[in-house]
Each structure stands twice: as C-alpha cells, then as structure tokens.
Amino acid sequence: MTNYDQIMKLALEKGFYFPSCEIYADAPAGFWEYGPTGLKIKNKLVDLWRKEIVRRDGMLEIDGCQIMSKSVFEASGHLGNFTDPIVKCTGCGSTFRADRLVSESIGKDIPERTPNDDLDAIIGRNNIRCPSCKGQFGRTTRFNMMFKVEIGPSAEMAFLRPETCQTIFVDFPRVYKTMRGKLPLGVAQLGKSFRNEIAPRQSLLRLREFYQAEVEVFCNPHRLNDLPRFEEVTDTLLRISKDGASTQEVTAGDALSRGILPNKLVAYYLALLNDFYGKTGIDMHRIRFRQLGDEERAFYASIAFDFEVETSIGWLELVACNYRSDHDLKGHSMVSKENLEVIDPSDQSKVLPHVFELSMGIDRSIYAILEHSYFEDFEHDDRVVLKLQPYLAPVLVGILPLVNKDGLSERSQMIYSDLKREFDSYYDDSGSIGRRYRRLEQIGVPFAITVDKVTLQDDSVTVRQRDTMKQERIKVNDLKKYLRESLQNR
RNA sequence: GCGACAGUCGUCCAGUUUGGUCUAGGACAUCAGAUUGCCAAUCUGGUAACCCGGGUUCAAAUCCCGGCUGUCGCACCA
C-alpha cells in the first residue's frame, strides 16, 4: 500500500516539491515550492483542466490579483465570517473555539457571530474552565484566517485573497459585457489563495499559500433545468454519498430523476468534473461526491458537494462544489453600490445571477494523483514506477544511447534535438541502460527511446514502455507521430 | 495553538545513554574516469551533513535553555 511517506520521500529525492526557504531556520510552516519536475506535472494538470473543463464548456478564463481591498471581503462575508472566536487558557495556554466551548458547557447552541463580550460574560457566569487543566480563560479574541497586508505609505488595509473566486465576482460585470456573455456562463481562474491556517500540516495537503483552479458558473436561478448540454453527460456514472458512509453509483440522468441531485446545472457540472478526474489517472473506484450537511457547509453555500478521493491518509477533499446562490453578487452589489444584474437573453428577464462553483485544490490533486500512480513492481526488482498518464508526465520521452561509443551518443543527440521542442524530452547517457530506465520510471516518463547499432544501419530505434517494459522498433521518422498519438486522451 | 516525541550528507541510517579517539562513519543516490553493453553491473576516485541562536565546559553532534521545523494526538479546516 502506497503511503504518504513514500510519496514524500520520492518528492524530496526528485525535487517534485519541498519546503520553502528551507535553508533558513526561521522558515514558517505551510509554504512549499514546486521544483522543476513537480512544476511540469502541475502545469500539465492545469492544461488538462483547461481542456476538459474550461474549453469543453466554453468558459472564460481570467487571471486576477491576489491582493484585494477590504471592501471586497466585507462584501463577501469573509471579514465577518472568516473569523473564529477563540479563548486561550491562562494556565496551560491551550486555545479553544469560544463558541463551541460555551455550547458544549451549557448545552445550548451559540452562534459563531456572538460578540466577544457576550461570550466572555457567559464564560464568567457559568464559571467555564479549561477542559485540559481547569485553568481560567483569558478574554475572547477573534482569529481571522486572512493575511492582512498594508498598501502604500498610509498602510491602507487590504488582504491576500482567501479564495480565488472573489476576483471572478468583482470582474464579472466587465467580463460579461466585453465577452458578450450569456447565462449560464462559466468563468474560470487558476491562481493562488492564502489562508493563515492555525496548524498547517502534511506538505501539499494543508498549505497557507496554495493553488486553486476555480470555476464560477453564473446562472439564472429560474432556469437551472434549462440546459441542453446536459444531454452530453446523461450517462456519466457518478458516485454519490449523501451521508458519508454509503456511496451509490448512479448516472447523472438517474441522479436527477431520482432527486439525488437538485437540478441539471449541478448534475452537469459534477459530471464534467467527474470526467476530468477520470483522465488524471486517479482510481475512480476510490472517489465520491459527498454531500455536506448543514454544519459542514461554508457560510456562503446552500448546497455543497465535496469531491473526495480515498488515499492512504483517508478521504481527501479535492474539490468543493458549492451552490453559492446570489450570496456573492448580492454582497458586492450592496457594498459597491453597482448593479450587477444582467439580462438573460433566453427570456429577456433581468436577473442577479446565482453561482455554482467548482473550487479545485491543485496541490492536493497533485498529491492524490501521485499516490494513485505510485506503483512498486515486485516482479521486477521492486522497481518504483509512477504510472502517470503521458499527458501528465513531467517528461514524455527519454532518449538514451545504448552505449557511449560507435557514434551512438551523437545519433541520440540528433534525435533529442529534433524532439525536444515539441515534446518534453530528456537525454541521458550516464550509467548503465537499466539504471537509466529506472531513473525515468521514477518520475513517470512513459517512453524511453534507445539508440543502438541497428539505428545506424536502418534508422530505427527501440521504444520502451514504462509500465510493461516491452520494447518495439520504430523508425526515427515515425517517432513524432507515435508520441503525438500517445498524448491523445480520448 | 496546546501536548508528546524527534531533527546528522539529496535519501535512509550509525554515533548522543557515559561530552574527548568524530579530522563525523555506512548504504542508496549523484558526479568523474576506466571497464562493460538492454533493465538499479563492476572497479577507482570525488562531491556532500551535525536545524538556528544562546549557555555550561579545558572540550559539545552529544548536556541545558529558547526558537524553528517535522510526526502523532487534541483543537482547527472558512
């Protein structure tokens, strides 16, 4: 069974990803960098997302700023809701969520928004003590998960965005107008988000600075079942869990008719997401769309499904699929005093669009793909093979001279020069041929071209397949065609 | 954020109990040369580390204090 430690070891040994600022002792936790190989995987995953979700659905992609003004987060609700009331024990220093502590102690629900003073009063009145050491609590404070930044000499308050989508919302009016948008319209963005996690952990899985690929689908709430392109996905099989315990496998069409999913729009985009992950190499028997209950949903979501993948450390949330209704556009409309309504051309009505989002965690997805692709071949010397899809592999093909004499290196270099612009290629003549095959397999290179003496006679090379170790002879002139075909994913 | 444990070449580990022989050792990986020639070959040589700061001491990888990081548990996860 592949586990987190094996992936971590491979990542460090091969430089897929590693701690940020690692040569300094004061490097903070929760920040990780992608090395050359990891970056290539990341870029290719994003390319696949663009192809299978953004382009497939005709979405518009933007690239927005990471620092945004205070007003944005007043409107989005993050200033009010993205904070936790916390109390610290004066004895042992343990920190607790004040609202939860109070709820548990007095057996009554306490809203998160309860003012600090009220929380302090309840704690005092009921003489609530620290569960760990029975010590006294200090005063309630608010912990905001957003990173605050100061702009210019006057230190104007702004924030690093805690989710990329707020850029999409504030840009929506101009994008909709200038791009002649029609509802439903998906607007997509790849970018970084920042959250001041209390306890970042497990490398790529809980970061303070991380990549999101988000899609916000703007739609007319009265026409959620008016979606002709739903027909494309009627038969797509979805694994859906309503309770987190049992999972049922149903087609998108059935899920709709049986009321498992609320409308065509939601069903269609979940299916799109499902198709996309099916092509990443993740084991689709170990995934599920889990519907979130009332307590689990984010403050802006009225319907929420998490796309989760089973890994060695349990179910891992890769994508949050939230029906945000008009929470965001209404908020931005009120705070900015801009009218964000648009005309739905299908019936010429004026609507404030609702939003359904697919908020994908890129870093976690990369981890899940690595773990599901990691393979130890016990029949062949316990070789480690990363069975990445060719279109996600950091390098598509290695070019290796069988030996470093008789002009084989020179011939190999020529082939490498010819291929490297179109394909991610890697030339290697160091060590035995077997060693070089193994090196390539570990980073998921699907093909190895070996140049031998026969090449000099008839211009053919052997192409070795990573997973089967089988080799076939191919004419040098046919290599590009062969490699191009390998990159097709349907 | 709290608690427990830990931190030595790229990776894994030895050395810390009992401070001195550690000028820090090995394996794998990597680099160079030779030999070989289709699945981690062999030989020779090389590169490369005591998390950071302070303290104790004649002497610190080793003991003490603080910080940082990691793992696990609790809490958190918009």
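For clarity, every value in this text was computed on a predicted model and none was experimentally measured. To find a chain, count down the sequence lines: A is the first, B the second, and so on, and within it residues start at 1.
In this structure, the CD1 atom of A/Ile86 is 16 Å from the C1' atom of B/C74, given to the nearest Å. Atom CD1 in A/Ile23 sits roughly 16 Å away from atom C1' in B/A48 (whole-Å rounding). Between A/Asn404 atom CG and B/U35 atom C1' the separation is 13 Å, expressed in whole Å. The interatomic distance linking A/Leu316 (CG) with B/C77 (C1') rounds to 12 Å, in whole Å. At whole-Å resolution of the value, NZ in A/Lys405 and P in B/C38 are 11 Å apart. Rounded to whole Å, the distance from CG on A/Asn144 to P on B/G1 is 16 Å. For the pair A/Asp381 CG and B/C28 C1', the computed distance is 14 Å after rounding to whole Å. Protein atom CG of A/Asp5 is 15 Å distant from nucleotide atom C1' of B/C13, rounded to whole Å.
Residues A/Asp120 and A/Thr140 bring a donor and an acceptor atom of their side chains to less than 3.5 Å of each other. In summary, the side chains of A/His78 and A/Ser76 do present a donor paired with an acceptor at a separation below 3.5 Å, with no hydrogens or angles considered. Of the N and O atoms on the side chains of A/Tyr437 and A/Thr450, at least one donor lies less than 3.5 Å from an acceptor on the other residue. Between the side chains of A/Ser203 and A/Tyr4, at least one donor N or O sits under 3.5 Å from an acceptor N or O. When only modelled atom types and interatomic distance are considered, A/Lys242 and A/Gln291 share a side-chain donor-acceptor pair under 3.5 Å.
The base-pairing partner of B/A48, taking Watson-Crick or G-U wobble contacts with both distances under 3.5 Å, does not exist among the strands shown. Checking B/U16 for Watson-Crick or G-U wobble geometry (two distances, each under 3.5 Å) identifies no partner in any strand. Pairing partner, B/U69: B/A6, with both Watson-Crick or wobble hydrogen-bond distances short of 3.5 Å. Across all strands shown, B/C74 pairs with B/G1; the Watson-Crick or G-U wobble distances both stay below 3.5 Å. As the counterpart of B/U62, no nucleotide is assigned, since no Watson-Crick or G-U wobble pattern has both distances under 3.5 Å. Figure legend. B/U11 is base-paired to B/A27; pairs are counted as Watson-Crick or G-U wobble with both atom distances under 3.5 Å. The base-pairing partner of B/C43, taking Watson-Crick or G-U wobble contacts with both distances under 3.5 Å, is B/G33.
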Got a list of protein N/O to nucleotides 60-69 of chain B N/O distances below 3.5 Å?
| residue | atom | partner | partner atom | Å |
| --- | --- | --- | --- | --- |
| B/C68 | O2' | A/Ala25 | O | 2.4 |
| B/C68 | O2' | A/Ala27 | O | 3.4 |
| B/U69 | OP1 | A/Ala29 | N | 2.7 |

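Straight-line distance between the P atoms of B/C50 and B/A24: roughly 11 Å, to the nearest whole Å. B/U57 and B/C64 are spaced 16 Å apart, taking the P atom of each and rounding to whole Å. Separating the C1' atom of B/A60 from that of B/U16 is a span of 10 Å, rounded to the nearest Å. Taking the P atom of each, B/C63 and B/U17 are spaced 6 Å apart, rounded to whole Å. If you take atom P in B/U11 and the same atom in B/U30, they sit 15 Å apart, rounded to whole Å. Comparing the P positions of B/G53 and B/A61 gives an interatomic distance of 13 Å, to the nearest angstrom. For the P atom pair drawn from B/G45 and B/G26, the interatomic distance equals 12 Å after rounding to whole Å. Comparing B/G25 with B/C9, their C1' atoms are spaced 11 Å from each other, to the whole Å.
Note on A/Lys14: nothing from the nucleic acid sits closer than 4.0 angstrom, heavy atoms only. A/Ile198 comes within 4.0 angstrom of a nucleotide base, judged by non-hydrogen atoms across all strands.
Between the side chain of A/Gln442 and the base of B/A40 there is at least one donor-acceptor pair of N/O atoms closer than 3.5 Å. Side-chain atoms of A/Asp452 and base atoms of B/C38 include a donor and an acceptor less than 3.5 Å apart. The base of B/C77 is not paired with the side chain of A/Arg201 by any donor and acceptor separated by under 3.5 Å. For B/C38, the base has a donor-acceptor partner in the side chain of A/Gln471 [N/O atoms by modelled type, under 3.5 angstrom].
The backbone N or O of A/Val461 lies less than 3.5 Å from no partner atom in the side chain of A/Lys475, so there is not a single donor-acceptor pair. A/Arg201 contributes no side-chain N or O that, together with a main-chain N or O of A/Leu207, makes up a donor-acceptor pair within less than 3.5 Å.
Between A/Arg435 and the phosphate of B/A29, there is a side-chain N or O to OP1/OP2 separation shorter than 4.0 Å.
Nearest nucleotide to the side chain of A/Ala199, out of B/C38, B/A40, B/A75: B/A75. Side-chain proximity of A/Gln202 to B/C38, B/U71, B/A40: nearest is B/U71. Among B/A32, B/C76, B/A40, the nucleotide with an atom closest to any side-chain atom of A/Ser432 is B/A40. Of the candidates B/C31, B/G1, B/C38, B/C38 carries the atom nearest the A/Leu402 side chain, counting heavy atoms from C-beta on.
Residue-to-nucleotide proximity on RNA chain B shows that, of A/Gly434 and A/Val403, the 5′-proximal contact is made by A/Val403. Between A/Ile313 and A/Lys9, the residue anchored nearer the 5' end of RNA chain B, judged by the nucleotide with its closest heavy atom, is A/Lys9.
Across residues 460-470 of chain A, A/Thr462, A/Arg464, A/Met469 each have a non-hydrogen atom less than 4.0 Å from an atom of RNA chain B (numbered order).
Under the ring-ring contact (aromatic ring centres under 6.0 Å, His included) rule, A/Phe289 has a single partner from A/Phe305, A/Phe307, A/Tyr277, which is A/Phe307. Of the residues A/Arg473, A/Arg411, A/Lys405, A/Arg464, the one that meets the salt bridge (charged side-chain N to carboxylate O under 4.0 Å, His left out) test with A/Asp452 is A/Arg473.
Less than 6.0 angstrom separates the ring centroid of A/Tyr482 from the ring centroid of A/Phe447.
For A/Val149, the side-chain contact (heavy atoms from CB on, under 4.5 Å) test picks out A/Ile67, A/Ile151, A/Ala158, A/Leu160, with sequence neighbours left out.
Considering all non-hydrogen atoms of both residues, A/Asp467 and A/Arg383 come closest at O-NH2, 3.1 Å.
With respect to the salt-bridge test (charged N to carboxylate O, under 4.0 angstrom), the residues A/Lys44 and A/Asp424 qualify.
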